[in-house]
Chemist: 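Here it is, the structure in full.
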Amino acid sequence: MKYTQLGRTGLKVSRLTLGTMNFGPLTDEPESHTLMDSALDAGVNYFDTANVYGQSAGKGRTEQIIGTWFAQGGERRDKVVLATKVYGNMAAEGETVWPNHDRLSAVSIRRAVEASLKRLQTDYIDIYQFHHIDRNTPFDEIWQAVDVLVQQGKILYAGSSNFPGYKIAQANEKARQRGSYGLVSEQCLYNLAARDAEMEVIPAAEEYGLGVIPWSPLHGGLLGGVLKKRGEGARRTGGRAAAELAKPEVHAQITAYEKLLDEHGVEPGEVALAWLLTRPGVTAPIVGPRTADQLASALRAVDLELSAELLDSLDEIFPGPGPSPESFAW
């Protein structure tokens, strides 16, 4: 495994992030434990989750599964850089969301972190991430809550997820005024087929020293060889991939993409991950394997070298927005 610094911090993390959103609803507890063991054995030390993960298995279930894995010992917790998120409410579907039980008020953050620590069976979280922006809570209040948690040793760093560039700037400028450390990472939607983050989010992250953690690196499976798998009789495409493939222009792009990679003798999913690892500012894409084979494929991507010719061809199929602000200003 290769490692890099997380943004401007001294924290060293693997070039892949193990995403755990499938743990519980799609992958049962024993298999989830096996995947985490395999990832750690392969050198993946950066694990990402969120308090609301668990979906059909119940919100919080994913954190509980990670907690029972930590409880097995063997230096599991000590070796892992653990990131979780706060923002969403924990009410079951159909239940009323009680006031102050979601978003980023100081009381909500305090309540949420205590609950996450309990589910995770740990006494600290390495990177506590704001899952979305909260337009109703000023950053002064958010940083006050974060600073208290850092002083208590319950969290070490703060990160963001799904923030626009201007909110990254606002957050870190307010942190600077307070003498707080500010955001150290940003999780954003970023992949070959979704490059909007290059306009403002990634430049802002680089300017303020945040590590970029792309989520959905395969764009819901669209970049994982979906047409080839369909031709081989794999299960029917669903979700984001199906909706996107219904668009003629996207279908044409994916056809060209898979044809190109077939000519080069490389696997689409591995190339999509390897491409992200060449991008400026990117620290570690989030991979969410459901099986051991999917994890093994993601691990191979770390050592996959893409030629300049192939990178140019990928840019032709999936052109980015261009440099900011030149691409839209003049």
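Hydrogens, waters and symmetry mates play no part in the numbers below; they use all other heavy atoms, side chains included. It should be emphasised that the depicted structure is a prediction, and the values quoted were computed from it without experimental measurement.
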Chemist: Are the side chains of F139 and K167 in contact, using a 4.5 Å heavy-atom criterion?
Modeler: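 Side chain of K167 against side chain of F139, heavy atoms only: contact under 4.5 Å found.
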Chemist: Without hydrogens or angle criteria, can the side chains of Y128 and K154 be said to hold a donor-acceptor pair below 3.5 Å?
Modeler: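 Note: Y128 and K154 side chains miss the donor-acceptor criterion.
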Chemist: L310 versus W275: any side-chain heavy-atom pair under 4.5 Å?
Modeler: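 L310 does not reach W275 side chain to side chain.
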Chemist: Quick one: do the T49 and T20 side chains pair a donor with an acceptor below 3.5 Å?
Modeler: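 Note: T49 and T20 side chains meet the donor-acceptor criterion.
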Chemist: Let me check something: do V80 and M1 share a hydrophobic cluster, defined by ILVMFWY side-chain heavy atoms less than 4.5 Å apart, either directly or through other members?
Modeler: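 Shared cluster, yes.
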Chemist: Roughly how far apart are I286 CD1 and S216 OG, rounded to 0.5 Å?
Modeler: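 Interatomic distance, I286 CD1 to S216 OG, rounded to 0.5 Å: 9.5 Å.
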Chemist: With side chains defined as the heavy atoms from C-beta onward, is the minimum distance between V44 and R15 less than 4.5 Å?
Modeler: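 No, too far: nothing below the 4.5 Å cut-off.
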Chemist: Take a 6.0 Å sphere around CD of E207 and say whether it holds more than 12 heavy atoms from other residues, nucleotides or ligands.
Modeler: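 Not more than 12 within 6.0 Å, no.
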Chemist: Take atom CD in E249; do more than 12 heavy atoms of anything else shown fall under 6.0 Å from it?
Modeler: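 Yes, the 6.0 Å shell around CD holds more than 12 heavy atoms from other groups.
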Chemist: Answer yes when R77 and D126 have at least one side-chain N-carboxylate O distance shorter than 4.0 Å, and no when they do not.
Modeler: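 Salt bridge present between R77 and D126.
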Chemist: For the pair E270 (side chain) and E267 (backbone), establish whether a donor and an acceptor sit closer than 3.5 Å, ignoring hydrogens and angles.
Modeler: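 Checking the backbone N and O of E267 against the side chain of E270, no donor-acceptor pair under 3.5 Å is found.
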Chemist: Shared ILVMFWY cluster between I66 and I127, side chains joined below 4.5 angstrom?
Modeler: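 Not linked; separate clusters.
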Chemist: Within the structure provided, determine whether Q55 and M21 are in side-chain contact (heavy-atom separation under 4.5 Å).
Modeler: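 Q55 vs M21: side chains touch.
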Chemist: How many angstroms lie between CG in L295 and CZ in R300, if you round to the nearest 0.5 Å?
Modeler: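 These two atoms lie 10.0 Å from each other.
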Chemist: Which value, rounded to the nearest 0.5 Å, describes the distance between K79 atom NZ and D41 atom CG?
Modeler: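 Rounded to the nearest 0.5 Å, the NZ-CG separation comes out at 8.0 Å.
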Chemist: Is there a donor-acceptor contact under 3.5 Å linking the side chains of Q72 and H33?
Modeler: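 Judged by distance alone, the side chains do pair up.
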Chemist: Tell me, do N172 and L210 make a side-chain contact under 4.5 Å, heavy atoms counted?
Modeler: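 They are in side-chain contact.
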Chemist: Which pair of non-hydrogen atoms, one from A57 and one from P25, has the smallest distance, and what is that distance?
Modeler: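 Closest heavy-atom pair between A57 and P25: CB-N, 4.0 Å.
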Chemist: If hydrophobic clusters are built by linking Ile, Leu, Val, Met, Phe, Trp and Tyr wherever their side-chain heavy atoms come under 4.5 Å apart, do Y53 and L26 end up in the same one?
Modeler: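 Each belongs to a different hydrophobic cluster.
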Chemist: Is a side-chain donor or acceptor of K228 paired with a backbone partner of P268 at a separation under 3.5 angstrom?
Modeler: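 Such a contact is absent between K228 side chain and P268 backbone.
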Chemist: I'd like to know if E263 and K259 make a salt bridge, using a cut-off of under 4.0 Å between side-chain N and carboxylate O.
Modeler: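 A salt bridge is present here (some side-chain N lies under 4.0 Å from a carboxylate O).
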Chemist: Among side-chain atoms of E173 and Y208, is any donor-acceptor pair under 3.5 angstrom?
Modeler: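 There is such a pair (donor and acceptor under 3.5 Å, judged by atom type) between the side chains of E173 and Y208.
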Chemist: Let me check something: do L117 and I109 share a hydrophobic cluster, defined by ILVMFWY side-chain heavy atoms less than 4.5 Å apart, either directly or through other members?
Modeler: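 Yes, L117 connects to I109 through the hydrophobic network.
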Chemist: Quickly, which of L277, L16, I213, V184 forms a side chain to side chain contact (heavy atoms under 4.5 Å, CB included) with T283? Name it, please.
Modeler: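 Among L277, L16, I213, V184, the one that satisfies the side chain to side chain contact (heavy atoms under 4.5 Å, CB included) with T283 is I213.
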Chemist: Checking E258 side chain against L227 main chain: does a donor-acceptor pair fall under 3.5 Å?
Modeler: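 Looks like yes, one N/O pair under 3.5 Å.
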Chemist: Looking at H101 and P99, would you say the former's side chain and the latter's main chain have a donor-acceptor pair under 3.5 Å?
Modeler: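 A pair under 3.5 Å: yes.
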Chemist: Checking side-chain polar atoms at under 3.5 Å, does Q129 have a donor or acceptor matched by the opposite partner on S161?
Modeler: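 No, because no side-chain N or O of Q129 sits under 3.5 Å from a partner of the opposite role on S161.
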Chemist: Does any N or O in the side chain of D102 come within less than 3.5 Å of the main-chain N or O of N89, such that one atom is a donor and the other an acceptor?
Modeler: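 Not confirmed, D102 side chain does not pair with N89 backbone.
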Chemist: Taking the side chain as C-beta and beyond, is there a heavy-atom pair between L260 and Y257 under 4.5 Å?
Modeler: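 Counting from C-beta outward, L260 and Y257 never come under 4.5 Å.
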Chemist: Report the distance from atom OH of Y181 to atom OH of Y157, rounding to the nearest 0.5 Å.
Modeler: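 Rounded to the nearest 0.5 Å, the OH-OH separation comes out at 6.5 Å.
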Chemist: Taking atom CG of L222 and atom NE2 of H251, what is their separation to the nearest 0.5 Å?
Modeler: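 Taking CG in L222 and NE2 in H251, the distance rounds to 10.0 Å.
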Chemist: Is there a ring-ring contact (aromatic ring centres under 6.0 Å, His included) between W69 and F47 once you walk through the steps?
Modeler: CA-CA 12 Å; W69 182 73; F47 287 22; 5.5 Å; yes
Chemist: Using side-chain contact (heavy atoms from CB on, under 4.5 Å), reason through V86 and S116 one step at a time and then give a plain yes or no.
Modeler: CA-CA 9 Å; V86 56; S116 284; over 6 Å; no
Chemist: Run through Q64, E63, K59 and flag the one making a side chain to side chain contact (heavy atoms under 4.5 Å, CB included) with R61.
Modeler: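 It is Q64, the one option of Q64, E63, K59 that forms the side chain to side chain contact (heavy atoms under 4.5 Å, CB included) with R61.
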Chemist: With sequence neighbours left out, what residues match V150 under side chain to side chain contact (heavy atoms under 4.5 Å, CB included)?
Modeler: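 V150 satisfies side chain to side chain contact (heavy atoms under 4.5 Å, CB included) with V146, I155 only.
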Chemist: Would you give the length of the straight line joining atom CG of N51 to atom NZ of K85, rounded to the nearest 0.5 angstrom?
Modeler: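 Taking CG in N51 and NZ in K85, the distance rounds to 9.0 Å.
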Chemist: Is the backbone of G10 close enough, under 3.5 Å, to the side chain of Q5 for a donor and an acceptor to pair up by distance?
Modeler: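 Answer holds: yes.
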Chemist: Apply side-chain contact (heavy atoms from CB on, under 4.5 Å) to residues Q144 and S180 and explain how you reach the verdict.
Modeler: CA-CA 9 Å; Q144 180 187 49; S180 303; over 6 Å; no
Chemist: Should the heavy atoms of other residues, nucleotides or ligands under 6.0 Å from CZ of R178 be counted, would the total exceed 12?
Modeler: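 Yes, CZ of R178 has more than 12 neighbouring heavy atoms, counting only those of other groups under 6.0 Å.
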Chemist: Hydrogens and angles aside, do W215 and N191 bring a side-chain donor and acceptor to less than 3.5 Å of each other?
Modeler: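 There is no such pair (donor and acceptor under 3.5 Å, judged by atom type) between the side chains of W215 and N191.
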Chemist: Any chance the side chains of T17 and D48 put a donor and an acceptor closer than 3.5 Å?
Modeler: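 Distance-only check fails for T17 and D48.
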Chemist: Please determine whether residues Y3 and L273 belong to a single hydrophobic cluster, defined as Ile, Leu, Val, Met, Phe, Trp and Tyr linked transitively by side-chain heavy-atom distances below 4.5 Å.
Modeler: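 Shared cluster, yes.
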Chemist: If you compare all heavy atoms of A194 against all heavy atoms of H219, which two are closest, and at what distance to 0.1 Å?
Modeler: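 Smallest heavy-atom distance, with atoms named: CB-CE1, 3.7 Å.
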Chemist: Can you see which heavy atom on L276 is nearest to which on P217, and at what distance?
Modeler: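 Scanning both residues completely, I find the closest heavy atoms to be CD1-CB, 3.4 Å.
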Chemist: Hey, does the side chain of W143 reach the backbone of A171 with a donor-acceptor pair shorter than 3.5 angstrom?
Modeler: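 Indeed, once roles are kept as given, a pair shorter than 3.5 Å links the two residues.
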Chemist: What are the two closest non-hydrogen atoms of S32 and T27, and how far apart are they?
Modeler: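 Where S32 meets T27 most closely, the heavy atoms are OG-O, 3.2 Å.
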Chemist: I need the full list of salt bridge (charged side-chain N to carboxylate O under 4.0 Å, His left out) pairs touching residues 185-197, with sequence neighbours left out, sorted by first then second residue.
Modeler: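 Output for this query lists R195-E198, R195-D315.
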Chemist: Are the side chains of L35 and L18 in contact, using a 4.5 Å heavy-atom criterion?
Modeler: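 No - every pair of side-chain heavy atoms lies 4.5 Å or more apart.
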Chemist: Check the pair H264, L306 against side-chain contact (heavy atoms from CB on, under 4.5 Å), reporting the backbone distance first and the verdict last.
Modeler: CA-CA 10 Å; H264 282 263; L306 304 182; over 6 Å; no
Chemist: One pair to check against side-chain contact (heavy atoms from CB on, under 4.5 Å): N100 and S108. What are the steps and the verdict?
Modeler: CA-CA 6 Å; N100 304 313; S108 178; 5.5 Å; no
Chemist: With distance as the sole test, does S38 use its side chain to make a donor-acceptor pair with the main-chain N or O of T34 at under 3.5 Å?
Modeler: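 Side chain of S38 to backbone of T34, a donor-acceptor pair under 3.5 Å: yes, one is there.
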Chemist: Any idea which heavy atoms bring F23 and P289 closest together, and the distance?
Modeler: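 Closest pair (atom of F23, atom of P289, distance): CE2-O, 4.2 Å.
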Chemist: Looking at every non-hydrogen atom in both residues, tell me the closest pair between S160 and I168 and how far apart they are.
Modeler: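 Minimum heavy-atom contact is OG-CG1, 4.4 Å.
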Chemist: Decide yes or no for Y87 and R103: does some side-chain heavy atom of the first lie under 4.5 Å from some side-chain heavy atom of the second?
Modeler: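 The answer is yes, as the side chains (C-beta and beyond) meet within the 4.5 Å cut-off.
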Chemist: More than 12 heavy atoms of other residues, nucleotides or ligands under 6.0 Å from CD of E326: is that the case?
Modeler: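 Yes, enclosed.
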Chemist: Using atom types as modelled and distance alone, determine if a side-chain donor or acceptor of Q121 lies under 3.5 Å from a backbone N or O of A71.
Modeler: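 Answer holds: no.
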Chemist: Would you call E244 and K247 a salt bridge, using N to O less than 4.0 angstrom?
Modeler: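 Yes, this pair counts.
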Chemist: Could you check whether any side-chain N or O of N162 sits under 3.5 Å from a backbone N or O of H131, counting only pairs where one atom can act as donor and the other as acceptor?
Modeler: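 Flag set: sc N162 to bb H131 pair under 3.5 Å.
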